[in-house]
Every structure is written in structure tokens, then in C-alpha cells.
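Worksheet: one structure, shown below.
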Amino acid sequence: MVAIDIESEEGQREALRRMLTIRAFDTKAGDLFGDGELPGFVHLYIGEEAVAVGACSALEEEDYITSTHRGHGHCIAKGLEPEQMMSELYGKRDGYCNGKGGSMHIADVDAGMLGANGIVGAGPPLATGAALTSHLRGEDTVALAFFGDGAVAQGQIHEAINIAATWKLPAIFLVENNQFGEGTPVEKQHNVQHLSETAEAYNIPGFTVDGMDVTAVFEAVREARKRALNGEGPTFIEADTYRYRGHFEGDQQPYRTKEDVAIWQDRDAIESFKQKLIDAGTITEAEFDEMESEIHDRIEQAAADAKEAPYPDPSEAYEDMFSATVPEINEFARQMRADGGERQ
Amino acid sequence: MSGNRRRQTTVGLVVNPAAGRDIRRLTGGASVSDNYAKRRTAECVLEGLTVVDDVHVLVMPDSTGLANKLVDDAPADLDVELLDTTVTASGRDTRQAAERFAERADAAVVLGGDGTNRDVAHGIGDVPVVSISTGTNNVVPTPVDGTVAGAAAALVGSGAVPVEESTYRHGMVEARVDGDEEKTVRGLATLGVLDRPFVGTRAILDPGDIVGGVVSRASSTEIGLSGIPGGLLTHRPDDPGGVGFRLGPPAESSRTVRAVTVPGVLSTVGVEDYRVLDDGEDFVFEMPRGVVSVDGERELAVREATIRVRPLADGPRMVRIEDVVERGAQEGWFRVDVGAVSPERSE
């Protein structure tokens, strides 16, 4: 059964809730980063919510995803809890990676979330690997890789898609074309109009969907999943979308104008989906306001709790890193416990 | 047209860079039409236009630079320029271009699918249209070599081959939802009513979703909705009226037909009811929840709706490409050994 059945009214309300949760979470994360509350760096997903929610809704809970440096939306869409995510952003012990990963390294293998990733284009090879595992074990699961338009020009993307296509692995490659690789417009990075045209090189289906429409992304991924489980191999989907914020928080965005952003905001995925649901009688304006208010309160509480939560103890610095025993790491850990890390 | 023929022949060219990239590459056997292939076809069209002298070509601008490349690389003996319209990277570009061609062109050449041709139909008026297939569910446009199509446009546009003898008036279809003007949609070949909750990826993915529809043409050679009644009767695009049909489960329906619903998919569907409609005659659907499709794409989600669908007579004037080129050959337009015949001399 799909994670969220967007064909049902209940599923449509849940999809709206997830999109709102992503926006509220990332709005708060941006504010906290601006206030100097968060260590590291944050890349916000605001504007692109329909892609993550549409895609993850069409997956089943046992399916895998790989993410990017802009991963908060993927996490929430896959069912991760904003509270544990916020703790991770704060570097606190009860975060998903015990506070040692931060924004760009949230992972929860049990939930099928194989990790945000600080390296552009590093997710698809992991997804191909997960799809190979699924194939070898004879499982009815798929692995979906989210990656950006900039990543399409990375060599490892070619390797990942090529081998998945050749071995007909149950993978889905989903490009979030948000129109810019950092500050470079997509047309200055690629010699094709639609990034989905690159699928032809691998002899797999490639097509483009409206990434501002959660129902379109849902349908696209659902069909791609069917193909994957039929043993027909991967599908390459391009979702046209837009990030409203800078590449990173603090980006001055000299490469575009406020008017450029406004063109896409006029087609805002949350606003348009909300309006459709109101028109169809699936939700009332009052119910929407209540939903938005609940989510706002939840995120505020998550941030307040995370701020007060404990950091991991320095003695735990070398834990949770490798599943296998690594002698060098054990030695570092022993020294850390002996001298508190003075000589490292 | 021959009465007030201008010395120069103006031909409008629409190349839709967006056609041919939707989900049907996954759900059916639809071919891929990349922009390089479209540009090559359009270059062939330009070459074909040189079959007559003194042709002026207006090319629809687009956001991809495809039109600019066409202008830059045009044959030296052709006067090719970009149409002066604002690019919106949407169907509006085609509609704007069609409206301008209606005022200025003697013929138009369209590279796109049924959706592109519908956008052209909305504004092109009486200008003859040469339609070349580059989209997906292509009912209206013809798979034809671009050079031949270009020659056809030149021959019709210049008046070398009379318009009346080489074109036909395509029908249209219209759906009105609850009598609401804002919820009125018009298609060229097909209007469908689907049991789907939303527009989504636009494509008709499952023939089981089709409740019924009205088509301006029906034939088993056609892909999509028009192939369904096409299994029971043939209705030419220039026949008056259209065909309305309502589907049901194959096991419970009075008739069962096979139809190519998307390329590579031969579906079996049950037909509960069908009839030939006069122009303007409504075929009515009551839908608690559904979507109206236009020319193979889901367009409008409806709820608790009465949908009245009818054929209309006022479609675009389509060029019979093969007839025109053969007639042109009979008239000597391809015979250089006896000297080229100019449009003026043929009068």
C-alpha cells in the first residue's frame, strides 16, 4: 500500500499536512540559522515541497530513498519526525544521528531514509546499491534517489543510472530541477531542454512532470514504481520546481530577481493544492487554518525542546560511526576516554 | 485567395519545444521526440518551402532557443524571421503565434502533437494548416517528412494549388460544465470524461478510467479516445458532427471493442452506448467526481457536475499534404527541366 494514497480525500489532507510541515520546519530552520542558533549550514526546501511529498507518498514504507544537501523535505515526506530532525540540526543527542550529523547528514535507515548527503550527486549510487540489495534478496521494494539539476552533470550519476538500467534494478531517479545549480541557471549547465532527455542514453523511460503539482509527482512515481517491481528497470523522472530561498541561507542571490521568484510563487504548490481541496470540499478554510496552526505549534515546540536538549558526551564522539569494528577508531575512542581528546 | 494574391508568400512556423516529453514514455510505447530531431524536421520544412520563390517565414519564438537556431541556419534563399511576440514558455506562445498568423500568413506549418494543434486551432482562423507529428497521441498531425510538408505549405500558401481543393475543415468538440463559461473547454479531436480525482500528470493512464466522450473523428487507426468508437464506425474529421460514446465494464456492455488507447497498448473496452451527433447536439455526463480530458490530456477536475459535450463545425482548415504535393507536381512545380513556373505564371 502506498504511504499516502493521494487519490483518497484522507490522503489528500495528509499530503497537504506534510507539505505544510516541511514549509514550517524549514521556515523555522532558516530563522534559527539566521539567529545563530544552529551549527553548520542549512539549505532550505521551501518551494519544492510537492516533489518530496508526491514522490514519498507513492512509495511504500519499506522502500528506500536517498537525499541531498537539501534534505529536510525528503525526511519529513518519508515520515521522519520533525522533533528528532530539529534535535539533529541543533547537534543534540536525541537527534537522528545522535547530533553528529546535522542538517546535511540526517539518516534513518529503519525508515528507509538512507541519508541526506553533503556531496552533490552522491545519493544515486547509494540508491542503485539499495536497489541491487532489494533485487538480490528478492524483495518487493524500490529505491528512489532525489538529486538536483546540478547533479545531473556529475560523473557518478552516469555510473549509477547506467548500471541500474543495465541490470534492470528497481530504482527511480528523480531530478528536482529547481532551475539553478547553486547560482548557475540550468540552461547554462546542460545542452538539453529537458533533463529527462538524458534517459535516452540509458534506454530507459524519461519524462518531465510539473513539480509544483503534488498529484502529478505522485502519479509519476507510482507508475515508475510499478515498472521497477515488474523487473523492467529504472525510470528517470524530472520534476520542474523552484526553490524560493537562496542556495544556502545567507546567499545574496545575485543570479535572479524577486520578480523571477514571484513567477513561481504564483504557482505555489501548497496554495494551489489547498485551493483545489477547498473547491472540492475536501477541506474547509477553517480546517486548513487549524491544520496550519497545529503544525506551527508543533515546530515551535520541537525547536524549543531541541534547544534545551543535551549534547552528546565527548566520550561518545567515536560511537555510531561504523557498524564493523575498526581498530584505528577503537584506539581513538580509547584515547578520548583516557584524556578527553586533549591529544587529538 | 487567388483574387488578391500578394507577390510574397508568408508562411508561419510553430515548433513546440515542449511536445513529446510526458509520462506516456513510461506508460505506453510513445516515441521520444527530442528537440534536436524537431529542429532537423523544421530545417527540412524550410528547405521544402523553397519549392516556390519569394517565401517569407515567420517563426514562433520559444524559451529554448530552438527558433533562434532555425533563423540563424535558414537557407540563404529564404527570408526567415522571428515573430515578435513575448515568450511565456507555455501554450500561450502557440496561441499568440496562431493569432498573428491569422492576420499575416498565407499558410502555417505546425510541429507538435494534438495539444499544439489545438492551441493553433483556437486562433488560426481560415489560414491553411500543415500539421507534422512530433507529439504523443497524434490524431490530428501527420507523420510526414518535413521537406514534403514544407513544399505543401508553399504550394498552398502561394496559391499554386487552390486552397479549396487541397484542404478540409476539421471539426471541434466542446465541453461545458454546469453551464459555467469558465468551465468550458474546447478540443480538436477528442473530449473525454474520466473517473479520476485530479489532473495529475495529465495523461490518460488507464483505459478503465474512461467513462465516455465525444470525438470529432473516429477511426481504429487513431490512438486514444477516437480509436474507441473507431472500432464501431468511421467518422472522418471533415464529416459533419461527431460521435458520442459511453463505456462500461466489458463483461456488462452491449459491445466490446479493441482500441489503441496509447501507443503500444491495445485495450479491450466495453461500449454501453454510442451515437453519431449533429453539430451542436449535446451528449451529457453526470459525474460525482471526475476529470475532463481534451485531446488526450486531463484538463479540468469536476465535482458533482453535469458535463454537456458537443461537436462543433468551426475547426481549422487542414492541408491534405500528399494531395497538394502531387497536384503541385502535376502542375509542373517539380519540373525544373522545362523552367520553373512561378505562382504568378500559374494564374
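Reminder, nothing fancy here: chain letters follow the sequence lines and each chain counts from 1.
- Ring pair A/His194/A/Phe207: centre-to-centre distance not below 6.0 Å.
- Only the side chain of A/Gln12 comes within contact range of chain B, with heavy atoms under 4.5 Å apart.
- Of the two parts of A/Ile263, neither the backbone nor the side chain holds a non-hydrogen atom closer than 4.5 Å to a non-hydrogen atom of chain B.
- Side-chain contact between A/Val142 and A/Ile172: present, with at least one pair of heavy atoms (C-beta onward) separated by less than 4.5 Å.
- Only the side chain of B/Leu205 comes within less than 4.5 Å of a heavy atom in chain A; its backbone stays farther off.
- Interface remark: A/Asp210 contributes no atoms to any contact with chain B (heavy atom separation under 4.5 Å).
- Both the backbone and the side chain of A/Glu223 come within contact range of chain B, judged by heavy atoms closer than 4.5 Å.
- By the 30° and 60° cut-offs, the orientation of the rings of A/Tyr202 relative to A/His158 is tilted.
- Using a 4.5 Å cut-off between heavy atoms, A/Glu232 does not touch chain B at all.
- Side-chain contact between A/Leu16 and A/Leu277 is present, with heavy atoms from C-beta onward closer than 4.5 Å.
- A donor and an acceptor atom, one from each side chain of A/Glu219 and B/Thr201, are located under 3.5 Å apart.
- Both the backbone and the side chain of A/Thr208 come within contact range of chain B, judged by heavy atoms closer than 4.5 Å.
- At a 4.5 Å heavy-atom cutoff, the contact between A/Ala224 and chain B is made by backbone and side-chain atoms alike.
- With a 6.0 Å cutoff to the six-membered ring centre and a 45° limit on the axis angle, B/Arg298 does not count as a cation-pi contact of B/Phe198.
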